[in-house]
Amino acid sequence: MAFPDGFLWGAATAAYQIEGSPLADGAGASIWHRFCHTPGLVHGGDTGDVACDHYRRWPEDIALMRRLGLQSYRFSIAWGRVLPQGTGTANSAGLDFYERLVDQLLEAGIAPNATLYHWDLPAALDDRGGWLNRDSADWFAEYADLVFRRLDGRVKMWTTLNEPWVVMDGGYLSGALAPGHRNLFEAPIVAHNLLRAHGKAVQAYRASGAHRIGLVVNLEPKYPASDAPQDRVATRRAHAYMNRHFMDPVFRGRYDAVLVRMFGAAWPAFPASDLDLIRTPIDFLGINYYTRNVVRDDAGRFPLPVERPVQRGATYTETGWEVFPQGLLDTLNWVRTRYGNPPVYITENGAAFDDPPVAQGGAVHDALRTDYLRQHLRVLHRAIAEGCDLRGYYAWSLLDNLEWAHGYSKRFGLVHVDYRNQRRTLKDSGAWYARVIASNGQCL
Ligand code: NCW
Ligand code: CA
């Protein structure tokens, strides 16, 4: 079971989830700093104040990446470290941090893959309306351009946004994530401005960058719970909402009618020319895949009129996500056929499990995580055989880290972090993944 030559093996993290020191060296606070410091919003009152202390321990973390044999490392840049107010005066110390990180990654033979936005909007911009403000697309392009000019000589793979759907749904509709709004009328506006921001950053990149830039979306295939018409209709709506709200505009330059109808009065009239900006061609698509969704109609809920009936016999992870590797194959084939087979990277895939404690001598026997990864990687091999243009895979996550509103209670890492002393321990899944990389998947 060998993968194609040049298939890229990596692991991923995000700035606010691992760095700690969120205000160090002149950085401006983000909406996640505010959210975590608002009592009652995050499990256990956890914050990113220390997190994995990666801001100070990054050399040790690069040593861990070497141990895993990573060929690429996907991380995100904290906008507020670079531009404390979000726009205007740059903070050179913030860029220095990422410059040093990138230089040492290259020194270690690890290709950096940088994401510009993994949810940590500068709080100063939230004060100006955040993603609800139409100017947010220009703010983002200004920030992106600054980073490109400083780092594009060394970073050859860029991502504009991580999971814009989650930003919209969690940040502005369910309110479970920063900035914690719950407003049906805001959601489509935020989605649209995120898409415009993405498009403007890609255009800025064409002007100053020399390598590749893409978008990362979370995709979750939908299957009806029964043959009943209402379940089938609900499945279509759930699919349009979660999987096509961002993909259709980027790849086809339009919003789907199902989506527009779902939002009804909450759907504003957008200028048609915005779609031309949004569909600016990208070089690759990043897909984050974790689970599927079995859809049962629940007309009382909006805009996702669905329930997720528990599947008997299935394994669920600690975030409540069903383990369903076949869904990854279905998703890749859906992208291949609907969107013209773009170059794809799996930019996140992984599982939170309650790992056993660190054993004597330093080991974590996390067999469930290894199982999860193995099953999903096997499916990738099939997707390639079926014609998907799949270029690489990033496990989520290098380290246990701050799982947003779940705080530190959910562990996704290949490496265990003891938050009492910041000690890192390679889990069994990490040692296993190192063998997968070393054999280019042959040992699967
Ligand atoms: S969508 C999501 N995740 C995880 C996160 O660690 C990563 O940064 C994301 O790209 C794994 O992959 C994505 N997490 C959703 C968190 C929702 C939390 C809601 C908590 C309610 C109490
Ligand atoms: Ca638990």
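Ligands are counted one by one from 1 in listed order, and the atoms in each one are counted from 1 as well.
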Does a side chain donor of either Asp49 or His37 reach within less than 3.5 Å of an acceptor in the other side chain? yes
Pair Tyr205, Asp152: side-chain N/O donor-acceptor within cut-off below 3.5 Å: yes
Does a side chain donor of either Asn243 or Trp334 reach within less than 3.5 Å of an acceptor in the other side chain? no
Between ligand 1 and the protein, which N/O pairs are shorter than 3.5 Å?
{"residue": "ligand 1", "atom": "6 (O)", "partner": "Gln17", "partner atom": "NE2", "Å": "2.9"}
{"residue": "ligand 1", "atom": "6 (O)", "partner": "Trp396", "partner atom": "NE1", "Å": "3.3"}
{"residue": "ligand 1", "atom": "6 (O)", "partner": "Glu403", "partner atom": "OE1", "Å": "2.4"}
{"residue": "ligand 1", "atom": "8 (O)", "partner": "Gln17", "partner atom": "OE1", "Å": "2.8"}
{"residue": "ligand 1", "atom": "8 (O)", "partner": "His118", "partner atom": "NE2", "Å": "2.8"}
{"residue": "ligand 1", "atom": "8 (O)", "partner": "Trp404", "partner atom": "NE1", "Å": "3.0"}
{"residue": "ligand 1", "atom": "10 (O)", "partner": "His118", "partner atom": "NE2", "Å": "3.4"}
{"residue": "ligand 1", "atom": "10 (O)", "partner": "Asn162", "partner atom": "ND2", "Å": "3.2"}
{"residue": "ligand 1", "atom": "10 (O)", "partner": "Glu163", "partner atom": "OE1", "Å": "3.4"}
{"residue": "ligand 1", "atom": "10 (O)", "partner": "Glu163", "partner atom": "OE2", "Å": "3.3"}
{"residue": "ligand 1", "atom": "10 (O)", "partner": "Glu348", "partner atom": "OE1", "Å": "2.8"}
{"residue": "ligand 1", "atom": "10 (O)", "partner": "Glu348", "partner atom": "OE2", "Å": "3.0"}
{"residue": "ligand 1", "atom": "12 (O)", "partner": "Tyr290", "partner atom": "OH", "Å": "2.9"}
{"residue": "ligand 1", "atom": "12 (O)", "partner": "Glu348", "partner atom": "OE1", "Å": "2.8"}
{"residue": "ligand 1", "atom": "14 (N)", "partner": "Glu403", "partner atom": "OE2", "Å": "3.1"}

Students often mix this up, so state it plainly: with edges at 30° and 60°, are the rings of Trp267 and His245 parallel, tilted or perpendicular? tilted
Identify whether NZ of Lys or CZ of Arg in Arg374 sits under 6.0 Å from the centre of the six-membered ring of Tyr433 and within 45° of that ring's axis. no
Check: Asp25/Tyr55 side-chain N/O donor and acceptor closer than 3.5 Å: yes
